[in-house]
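One structure is given below, encoded as structure tokens.
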Amino acid sequence: MGKTSRVVVCGMAGVGKTAVLEQLIYGNITPSTELYPTIEDIYVASVETERGTREKMRLYDTAGLPPLSGPNAGGSTQQQQQQQQLAKQLLGLTEGYVLVYDPARPESFECLLPLKRDIDKNRDKKEVAVVVLANRMRTTANTSGSGNSAPAPANLTASATLQKANNWTLREHMKHFEVNAMERASLLEPFVYLATKLSPPPNKSTFPQLSMVRKSISNRPDAAS
Ligand SMILES: Nc1nc2c(ncn2[C@@H]2O[C@H](COP(=O)(O)OP(=O)(O)OP(=O)(O)O)[C@@H](O)[C@H]2O)c(=O)[nH]1
């Protein structure tokens with residue numbers, strides 16, 4: 001196992017970033033687990049890739065971003081913009097990103113758009129791996145409660161947001177996963193995918209093999225016998 005990849009986990013406050021990481025690494029989160037807002041935490045994990053190798057990741061759990069606008073958005077526009085930007089030193093050093101949103105809260109998806117632009121602006125031509133996680137925190141019953149089988153408004157909102165996110169991730173060439181932080185199994189696929197992207201197979205050398213070079217030299221007519 002070689003280098004350790006740095007991965008930043010980000011998204012709006014309260015979308016389940018810490019729950020995702022704690023569940024993935026320790027498997028100790030239940031719906032009654034109370035988590036407190038993160039300032040910054042670092043987790044180290046060794047994740048198996050699709051090729052069966054292991055990739056060591058340093059996962060940075062970041063403070064939640066405020067919503068872009070709306071009645072619950074706190075602070076001035078300038079302050080919001082500053083908060084929307086990830087710390088520049090993290091952006092420059094990072095090889096991977098996990099962007100988390102809750103499809104039932106469309107504003108948490110909108111938050112990811114400027115974040116991705118920031119990532120692109122700061123990646124300095126370096127390849128970065130980005131995965132987007134839709135963590136559906138609340139599952140609403142599939143009926144409006146009026147006896148018919150019409151989807152509840154919250155489900156319609158979540159479906160519309162998921163559709164938007166699908167289109168966006170396709171356009172931006174990112175992988176989009178629907179997960180549930182309460183179900184550890186749902187978290188494995190995105191992190192195995194990320195680990196695989198972060199450890200591409202070693203390139204085949206363009207130099208001829210040493211044994212082939214030796215052979216061609218000894219085959220030359222002027223080669224010493
Ligand atoms: N039922 C349910 N609750 C969840 C889920 N994900 C997170 N929670 C709960 O929602 C609350 C907030 O989750 P966090 O993981 O702290 O969210 P966060 O995005 O890290 O929040 P910040 O640190 O404030 O940015 C916690 O009490 C979690 O237990 C989920 O998928 N389902």
Side-chain angles (χ1 to χ4, degrees), residues 6-45 47 57-75 79-87 90-91 94 96-116 118-119 130-142 152-155 157-159 161-162 165 169 174-194:
R6 278 161 297 226
V7 174
V8 173
V9 181
C10 39
M12 208 176 88
V15 293
K17 299 181 291 298
T18 305
V20 162
L21 288 173
E22 289 274 336
Q23 192 72 288
L24 176 78
I25 296 168
Y26 305 113
N28 60 359
I29 300 289
T30 65
S32 57
T33 310
E34 210 174 313
L35 294 167
Y36 299 98
T38 305
I39 298 173
E40 186 176 299
D41 275 322
I42 300 175
Y43 298 78
V44 177
V47 182
M57 289 186 198
R58 188 178 290 267
L59 297 147
Y60 294 83
D61 185 9
T62 58
L65 300 167
L68 285 176
S69 57
N72 297 326
Q79 188 190 349
Q80 279 175 38
Q81 281 169 356
Q82 280 168 356
Q83 283 175 294
Q84 292 296 337
Q85 290 188 347
L86 279 178
L90 268 187
L91 282 170
T94 306
Y97 293 89
V98 178
L99 310 184
V100 188
Y101 75 100
D102 176 1
R105 293 160 70 195
E107 68 279 17
S108 69
F109 166 67
E110 299 295 334
C111 230
L112 301 183
L113 308 180
L115 194 56
K116 174 63 169 47
D118 244 10
I119 292 169
V130 187
V131 295
V132 179
L133 305 188
N135 181 37
R136 183 121 185 226
M137 315 236 318
R138 279 171 292 276
T139 37
T140 320
N142 206 30
N155 281 344
T157 304
S159 305
T161 311
L162 280 169
T169 49
M174 296 180 293
K175 271 274 225 183
H176 183 213
F177 297 89
E178 278 184 59
V179 300
N180 179 348
M182 297 300 130
E183 288 169 19
R184 187 165 184 268
S186 73
L187 303 172
L188 298 180
E189 195 189 349
F191 282 89
V192 168
Y193 171 83
L194 188 63

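Ligands are counted one by one from 1 in listed order, and the atoms in each one are counted from 1 as well. As the structure is a prediction and not an experimental result, all values here were calculated from the model. Atom set for the values below is all heavy atoms of this structure, side chains included, hydrogens, waters and symmetry mates excluded.
For Tyr36, no nitrogen or oxygen atom sits less than 3.5 Å from a nitrogen or oxygen atom of ligand 1, counting backbone and side chain alike. For ligand 1, the polar-atom distance check finds an N/O of Val15 within less than 3.5 Å of one of the ligand's N/O atoms. Backbone and side-chain nitrogen or oxygen atoms of Gly14 are examined, and one is located within less than 3.5 angstrom of a nitrogen or oxygen of ligand 1.
For atom 10 (O) of ligand 1, the candidate residues are Lys17, Met137, Glu183, Met12; the nearest heavy-atom contact is made by Met137. Within the set Asp61, Leu35, Val179, Asp41, the minimum heavy-atom distance to atom 16 (O) of ligand 1 is found for Leu35. Remark: among candidates Pro31, Pro66, Ala19, the nearest residue to atom 15 (O) of ligand 1 is Ala19, based on non-hydrogen atoms.
Side chain of Thr161 to backbone of Pro103: a donor-acceptor contact under 3.5 angstrom is found. Side-chain atoms of Asn135 come within 3.5 Å of backbone N or O of Ala181 as a donor-acceptor pair.
Atoms of ligand 1 found under 4.0 Å from any heavy atom of Asn180, numbered from 1 in the order shown, are 31 (O). Annotation for ligand 1: atoms under 4.0 Å from non-hydrogen atoms of Thr18 are 15 (O), 20 (O). Per-residue contacts place Ala181 under 4.0 angstrom from the following atoms of ligand 1 (heavy atoms of the residue considered): 6 (N), 31 (O). Atoms of ligand 1 found under 4.0 Å from any heavy atom of Gly64, numbered from 1 in the order shown, are 25 (O). Numbered from 1 in the order shown, with element, the atoms of ligand 1 that lie under 4.0 Å from a heavy atom of Pro37 read 23 (O), 24 (O).
The nearest heavy-atom contact from the protein to atom 17 (O) of ligand 1 is Gly16 N, 3.1 Å. The protein heavy atom nearest to atom 29 (O) of ligand 1 is Thr33 O, 3.0 Å. The nearest heavy-atom contact from the protein to atom 23 (O) of ligand 1 is Thr38 N, 2.7 Å. Of all protein heavy atoms, the one closest to atom 5 (C) of ligand 1 is Met182 CE, 3.5 Å.
Aromatic ring pairs are classed by plane angle as parallel below 30°, tilted from 30° to 60° and perpendicular above 60°; the pair Tyr26 and Tyr43 is tilted.
A pairwise comparison of heavy atoms in Pro190 and Leu133 identifies CB-CD2, 3.6 Å as the closest pair. In this structure, Thr62 and Lys17 approach most closely via the heavy-atom pair O-CE, 3.5 Å.
The side chain of Asn135, and not its backbone, has at least one atom closer than 4.0 Å to an atom of ligand 1 (non-hydrogen atoms only; side chain from C-beta on).
The closest side-chain heavy-atom distance from Met182 to Ile29 is below 4.5 Å. Under the 4.5 Å side-chain criterion, counting only non-hydrogen atoms from C-beta, Arg136 is in contact with Asn155. For the pair Pro67/Met12, a side-chain contact is recorded, criterion being any heavy-atom separation below 4.5 Å from C-beta on. Within the 4.5 Å cutoff, the side chain of Val98 has no heavy atoms near those of the Val132 side chain.
Evaluation of the salt bridge (Lys or Arg N to Asp or Glu O under 4.0 Å) rule for Glu110 yields Lys164 as partners, not counting sequence neighbours.
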